[in-house]
Amino acid sequence: MSQNPYAVENQTAPPRVGAAGVSVMQPLVEAAGWIKLLAWVTIVGGVIQCLTISGIIIGWLPIWMGIILKRAAENLELSRQTNDQRLYYETSKDLAKYFTIAGVLALIGLIFLAVILLVVIVLLIVGVAGAAMN
């Protein structure tokens with residue numbers, strides 16, 4: 001049986017990260033304080049959104065995203081102290097989840113903006129046509 005260097009041994013286990021993995025994660029480890037700050041700002045923004053009646057509908061999303069970022073920052077700080085490779089993997093998963101949610105929200109926002117823009121254009125055309133008929 002030939003050895004395939006690209007074969008995955010166990011797909012449920014996190015990939016092994018050697019000394020090079022620590023240096024790859026070093027910029028994130030150094031930015032853990034900023035990540036935690038962004039997490040708290042996001043959580044507070046979500047709480048403020050939840051204070052309004054219409055904000056309750058979407059206010060939980062920023063809170064959830066902030067909690068994900070806070071957990072990632074805490075894992076980064078803990079991984080710096082313990083050099084636990086599994087924490088680096090969990091941090092990567094948390095950041096991937098955060099950016100996935102942020103991307104979906106950005107797409108929803110762009111679609112919402114396009115619909116509003118289309119409605120405004122249609123209303124302008126109807127208004128100009130109605131004024132021209134009078």
Side-chain angles (χ1 to χ4, degrees):
M1 182 162 89
S2 65
Q3 292 285 337
N4 183 355
Y6 302 107
V8 177
E9 294 174 12
N10 183 354
Q11 293 189 4
T12 59
R16 293 184 187 142
V17 181
V22 175
S23 65
V24 168
M25 296 296 284
Q26 191 61 34
L28 282 176
V29 170
E30 293 171 358
W34 290 106
I35 294 171
K36 193 177 280 189
L37 174 69
L38 181 60
W40 280 110
V41 169
T42 306
I43 290 170
V44 169
V47 168
I48 290 172
Q49 277 184 333
C50 286
L51 294 177
T52 65
I53 293 174
S54 62
I56 293 174
I57 297 170
I58 60 168
W60 62 274
L61 281 168
I63 295 171
W64 182 34
M65 293 171 67
I67 290 170
I68 291 170
L69 276 180
K70 185 175 167 293
R71 184 175 53 217
E74 289 169 351
N75 283 343
L76 281 169
E77 290 173 344
L78 188 59
S79 64
R80 178 191 321 194
Q81 297 166 359
T82 63
N83 200 21
D84 185 359
Q85 303 304 318
R86 198 169 278 280
L87 287 174
Y88 286 128
Y89 178 74
E90 292 300 320
T91 299
S92 297
K93 282 181 22 181
D94 284 341
L95 290 175
K97 188 183 306 181
Y98 171 81
F99 285 115
T100 301
I101 296 168
V104 169
L105 288 177
L107 285 175
I108 290 171
L110 287 174
I111 291 169
F112 188 68
L113 178 66
V115 168
I116 289 175
L117 188 60
L118 185 64
V119 167
V120 167
I121 290 172
V122 168
L123 289 176
L124 283 174
I125 291 172
V126 168
V128 169
M133 290 182 150
N134 290 334

Checklist entry - Would you call Arg71-Glu74 a salt bridge at under 4.0 Å N-O? => result no

Checklist entry - With a 4.5 Å heavy-atom cut-off, do Thr42 and Trp64 have their side chains touching? => result no

Next on the checklist: Is there a continuous path of hydrophobic side-chain contacts, each under 4.5 Å between heavy atoms, that joins Ile57 to Ile48?
Outcome noted: no

Next on the checklist: Using a 6.0 Å cut-off, check whether atom CD1 of Ile53 has over 12 heavy atoms from anything other than its own residue.
Outcome noted: no

Item to check | Side-chain touch Leu38/Tyr98, heavy atoms, less than 4.5 angstrom | outcome: yes

Item to check | Approximate separation, where rounding is to 0.5 Å, of Ser79 OG and Arg86 CZ | outcome: 13.5 Å

Checklist entry - Given the rule in the side chain to side chain contact (heavy atoms under 4.5 Å, CB included) test, do Asp84 and Tyr89 qualify, once you have shown the distances and angles that lead to the verdict? => result CA-CA 9 Å; Asp84 185 359; Tyr89 178 74; over 6 Å; no

Checklist entry - Is Ile56 reachable from Leu61 through a run of I, L, V, M, F, W or Y residues, each pair having side-chain heavy atoms under 4.5 Å apart? => result no

Checklist entry - Side-chain contact, heavy-atom cut-off 4.5 Å: Leu78 with Gln81? => result yes

Next on the checklist: Any non-hydrogen side-chain atom of Ile35 less than 4.5 Å from a side-chain atom of Leu28?
Outcome noted: yes

Next on the checklist: Taking the side chain as everything from C-beta on, heavy atoms only, tell me whether Trp34 gets closer than 4.5 Å to Leu37.
Outcome noted: yes

Next on the checklist: Among Val122, Leu118, Leu124, which residue satisfies the side chain to side chain contact (heavy atoms under 4.5 Å, CB included) criterion with Val120?
Outcome noted: Leu124

Item to check | Atom pair OG1 (Thr100) and CE (Met65), whose distance is rounded to the nearest 0.5 Å | outcome: 10.0 Å

Item to check | same_hphob_cluster(Ile58, Val104) at 4.5 Å side-chain heavy-atom cutoff | outcome: no

Next on the checklist: Within the 4.5 Å heavy-atom criterion, are Met25 and Leu76 side-chain neighbours or not?
Outcome noted: yes

Item to check | Glu77/Arg80 under salt bridge (Lys or Arg N to Asp or Glu O under 4.0 Å): CA gap, chis, key distance, verdict | outcome: CA-CA 5 Å; Glu77 290 173 344; Arg80 178 191 321 194; over 6 Å; no

Checklist entry - Which heavy atom in Pro62 sits nearest to a heavy atom in Gly46, and how many Å separate them? => result CB-CA, 3.8 Å

Next on the checklist: What's the separation between atom CG in Leu69 and atom CG in Leu95, rounded to the nearest 0.5 Å?
Outcome noted: 7.0 Å

